[in-house]
Amino acid sequence: MRWNTTFIPTLKEDPADAEVISHRLLVRAGMIRQVSRGIYDYLPLALKVIRKIENIVRQEMDRAGAQELLLPIASPAELWQESGRWEVYGKELFRFKDRHERDFCLGPTHEEVITDLVRRVVRSYREIPFNLYQIQIKFRDEVRPRFGLMRGREFIMKDAYSFHADMEDCRREYEKMFQTYKRIFTRCGLNFRPVEADTGAIGGTLSHEFQVLADSGEDALVSCNSCDYAANVMKGEIKAQRLSGRNLKESSPPLKKVATPGKKSVAEVAEFLSLPTAKFIKTLVYKVDQKELVAVLVRGDHEVNALKLKLALNCQEASLADEARVDETTHVVPGFLGPIGLGLRIVADQAIQGIRGAVTGANEENFHYLEVDQERDFTPSAFADLRMAMAGDPCPRCDHGALESYRGIEVGQIFYLGKKYSEAMGATYLDAEGREQPLEMGCYGIGITRLLAAAVEQNHDANGIIWPFSIAPFHVLLLPVQYKEKAIREVADSLYEELLKRGLEVLMDDRDERPGVKFKDADLIGIPLRITIGAKGLGKGCVEMRRRREGQTEEVPVGEAANKIHLFVTEALKV
RNA sequence: CGGGGCGUAGCGCAGCCUGGUAGCGCGCACGCUUGGGGUGCGUGAGGUCACCGGUUCAAAUCCGGUCGCCCCGACCA
């Protein structure tokens, strides 16, 4: 392709509305433009990368025996009402009415649609298993779209759904997809890690996320420094605590009430009393399912995991109650709350069980209790794992490992769904004994456009993007320093033709621009291999071959250039 | 949903406080110049100052409202 006739509107300056690096570079490189919040145009260069990613995904999904299909973007409310998600999904589900006033939504994911298709077709165990996937635009009306392509409202996704007779077969497919995903992300040239994950709005009981490691990532992760345990913090398990042999004879010193004027947060009180935050019991009031207030206790240095809390309380929704509400019910200013004498139902994290010598609010403004002894002073209605995993925690899977924390961008997630959708929507088959059984299901997603952004987050330098070869928009950029000059043009043209003939993807910068402009743009758009053709090299009968990533330059005789470039690209694509 | 910020030429910004009819850099067009990391000089085109309303002789500027976009938060008592 010749630059003169392409549509690659590069920008010298960072766009004012872009914050994260991938967003800035993708806009500057002329790859994306924003249309509305969380909605973008994909320009030709970006589309080339998207197609590359899609093709890798297709090849690997097909190799794993899955089949591609295409489901509609809009689906009728009835399907979502059947699964119960019309009510549950909330505002993220973009709803609208057609001209006949019938309710529809834009698909944020397609379990309902595919289950509906499959239930109308599958009758017998002989017709399963199979795995169907599509690559398509999804729409989720995110609370807060941000970071360019990383969290958009409209995005491209590969989603796959598999159907099985029993759990064993479904688990087998899950494992196959796990391996397939590893191949896909490896081929895309990403540094990633699979982690155990929560199943969120999709549902099911087993799930892994594939996280591209990046400090700018939205997800907090933990992994063991000794075994291969890794999880999203939302899912991260806490090693069950052994109650260290508590000496029952030894009695605790009596409760002591101390003045802590104006000190509300654990950090403030801890500093005021010169005590470590681990000695504190935090008392948080949650509103459960829009009605009951429940007090949740965690250690001062721990954080409540709302997800685990919901599980423990077996409720739909649990969020911090607002101050006014807390005040009205307990007559205590938040900040001085404590479990002793609090007129609310109490649930406590397991780390609170048996705690002694602790500090809590005294349920009286400007006072805290010291020497709190859980067994003596208060009894929660339940103890459970309610907190977020964090760095330094002992590994829940092995004996001596400790957890480390890092951040990631979730580019893929796989779920074992079980019978959640098949039972709700009556997707069944007849087994060999003629009995009707609900189908077992799995589902498997990859965020294609988010993967594109993640690749940039992980592969760039001060000058621009550095595409991994496998997903680069072009393999080679030919850069004739002065295309106008006959000698240079002739070499550039013949090299261009020769490389195309060999099946390489080549972009030729035939613009009549200053060399500096061309070099800057070349770095910005990040084609992995750049061939400079200029008077300097031609004087020696050479062109220059430069790798974008390493910056390493090599002079190659004109006659050998095509061969050498071809060989280099072939090698680079082998990985 | 709460808080903060922004909206002036294609892009990045100044002007607004202290009202007097719009400016800089880049880009764009043309000419000369230059020609291996965003050349230099000159000439020129390009703006309902987001929108609606108000105050005023006069509004980009002051006041009220609306819309759009960005950032932070929406969980730590």
Side-chain angles (χ1 to χ4, degrees), chain A residues 9-20 23-24 27-28 30 33-39 90-91 143-148 233-234 260 262-270 277 280-287 295-310 317-323 325-327 330 332-339 342 349 359-363 365 368 386-388 462-464 479-485 488 509 511-524 530 532-539 543-544 546 551 553:
Chain A
T10 60
L11 257 29
K12 249 184 194 179
E13 293 178 86
D14 278 338
D17 56 4
E19 190 73 13
V20 293
H23 189 190
R24 292 206 301 253
V27 173
R28 281 193 56 206
R33 286 291 172 93
Q34 181 164 353
V35 177
S36 177
R37 74 208 289 229
I39 300 177
K91 290 188 175 168
V143 208
R144 194 179 153 209
R146 64 191 134 173
F147 306 149
V233 286
M234 298 305 273
T260 49
K263 311 291 179 194
K264 299 178 87 172
S265 71
V266 167
E268 284 166 1
V269 185
T277 52
F280 284 69
I281 298 171
K282 268 197 290 207
T283 306
L284 310 172
V285 178
Y286 275 79
K287 190 160 73 178
V296 179
L297 309 183
V298 292
R299 230 168 63 184
D301 56 334
H302 290 159
E303 289 185 16
V304 171
N305 182 330
L307 226 53
K308 290 181 177 177
L309 180 63
K310 275 192 263 184
E317 203 189 330
S319 57
L320 270 192
D322 53 80
E323 289 209 8
R325 187 74 194 284
V326 175
D327 202 8
T330 65
V332 179
V333 187
F336 302 99
L337 287 167
L342 185 68
D349 182 65
V359 183
T360 74
N363 292 324
E365 193 161 358
H368 278 77
L386 298 179
R387 74 174 176 94
M388 212 86 89
N463 296 314
L479 196 156
V481 178
Q482 291 93 21
Y483 190 70
K484 281 198 294 200
E485 287 185 20
I488 292 174
D509 191 350
R511 294 176 300 172
D512 182 19
E513 285 289 351
R514 305 266 319 170
V517 173
K518 294 187 174 193
F519 287 129
K520 288 290 184 192
D521 274 347
D523 285 348
L524 183 59
R530 183 184 90 192
T532 308
I533 303 133
K536 210 194 258 179
L538 289 186
V543 296
E544 282 165 33
R546 180 186 161 99
T553 306

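Proteins come first, then strands; the chains are lettered A, B, ... in the order of their sequence lines, and each starts at number 1. Worth knowing before you read on, the calculation uses all heavy atoms, side chains too, and leaves out hydrogens, waters and symmetry mates.
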Given the [atom1] atoms of [N] and [M], what is the spacing between them in whole Å?
N      : M      : atom1 : result
C76(B) : U66(B) : C1'   : 37 Å
G35(B) : U21(B) : C1'   : 45 Å
G64(B) : U18(B) : P     : 15 Å

| request: Please determine if a side-chain N or O atom of S36(A) lies less than 4.0 Å away from the OP1 or OP2 oxygen of G68(B). | output: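 Indeed not, no polar side-chain atom of S36(A) lies that close.
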| message | So, does Q34(A) get its side chain near the phosphate of C70(B), meaning an N or O under 4.0 Å from OP1 or OP2? | response |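 Yes, because at least one side-chain N or O of Q34(A) sits under 4.0 Å from OP1 or OP2 of C70(B).
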| message | Once ring pair (Phe, Tyr, Trp, His ring centres under 6.0 Å) is applied, do any residues pair with F336(A), and if so which ones, sequence neighbours excluded? | response |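 Expected list: H368(A).
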| task | Take M234(A) and M388(A) through the side chain to side chain contact (heavy atoms under 4.5 Å, CB included) test and state the conclusion after the steps. | result | CA-CA 6 Å; M234(A) 298 305 273; M388(A) 212 86 89; 3.8 Å; yes
So which heavy atom on [X] is nearest to which on [Y], and how close?
X       : Y       : answer
I488(A) : A535(A) : CD1-N, 3.7 Å
R24(A)  : P15(A)  : O-CD, 4.2 Å
G38(A)  : P145(A) : CA-CB, 3.9 Å

| Does the pair I39(A) and Q34(A) meet the rule for a side chain to side chain contact (heavy atoms under 4.5 Å, CB included), with working shown? | CA-CA 6 Å; I39(A) 300 177; Q34(A) 181 164 353; over 6 Å; no
| field | Contact letters for nucleotides 71-77 of chain B, in which S counts primed atoms plus P, OP1 and OP2 and B counts the base, heavy atoms under 4.0 Å | value | SBBBBBB
| remark: Going 5' to 3' through nucleotides 30-37 of chain B and flagging B where a protein heavy-atom sits under 4.0 Å of the base, S where only the sugar-phosphate is that close, and - otherwise, we get ----BBBB
So which nucleotide does [N] pair with, by the Watson-Crick or G-U wobble rule with both distances under 3.5 Å?
N      : value
G27(B) : none
G2(B)  : C72(B)
U21(B) : none
A77(B) : none

| task | Measure from CZ on R37(A) to C1' on C6(B) and round the result to the nearest Å. | result |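 Atom-to-atom, R37(A) to C6(B), this comes out as 14 Å.
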| query | What integer distance in Å separates L11(A):CG from C28(B):P? | reply |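 Those two atoms, CG and P, are 12 Å apart.
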| task | Apply salt bridge (Lys or Arg N to Asp or Glu O under 4.0 Å) to K91(A) and list each qualifying residue two or more places apart in sequence or on a separate chain. | result |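 None.
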| task | Could you tell me which residues satisfy salt bridge (Lys or Arg N to Asp or Glu O under 4.0 Å) with D521(A), sequence neighbours excluded, listed by chain and number? | result |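 Scan of D521(A) (salt bridge (Lys or Arg N to Asp or Glu O under 4.0 Å), adjacent residues dropped) gives R511(A).
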| message | So that I can tick it off, tell me whether K484(A) and D512(A) are bridged by a salt bridge, with the cut-off set at under 4.0 angstrom between side-chain N and carboxylate O. | response |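 Yes, this pair counts.
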| query | More 5' along RNA chain B: K91(A) or L524(A), using each one's nearest nucleotide? | reply |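 Closest to the 5' end, via its nearest nucleotide, is K91(A).
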| message | Donor-acceptor pair, distance only, cut-off 3.5 Å: does the side chain of K518(A) make one with the backbone of P480(A)? | response |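 Side chain of K518(A) to backbone of P480(A): a pair is present.
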For nucleotides 23-25 of chain B, print each protein N/O atom paired with a nucleotide N/O atom at under 3.5 Å, atom names and distance only.
| from | atom 1 | to | atom 2 | distance (Å) |
| --- | --- | --- | --- | --- |
| G25(B) | N2 | E13(A) | OE2 | 3.3 |

| task | Please tell me if the side chains of R28(A) and D14(A) come closer than 4.5 Å, counting only heavy atoms from C-beta onward. | result |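 Yes, close enough: below the 4.5 Å cut-off.
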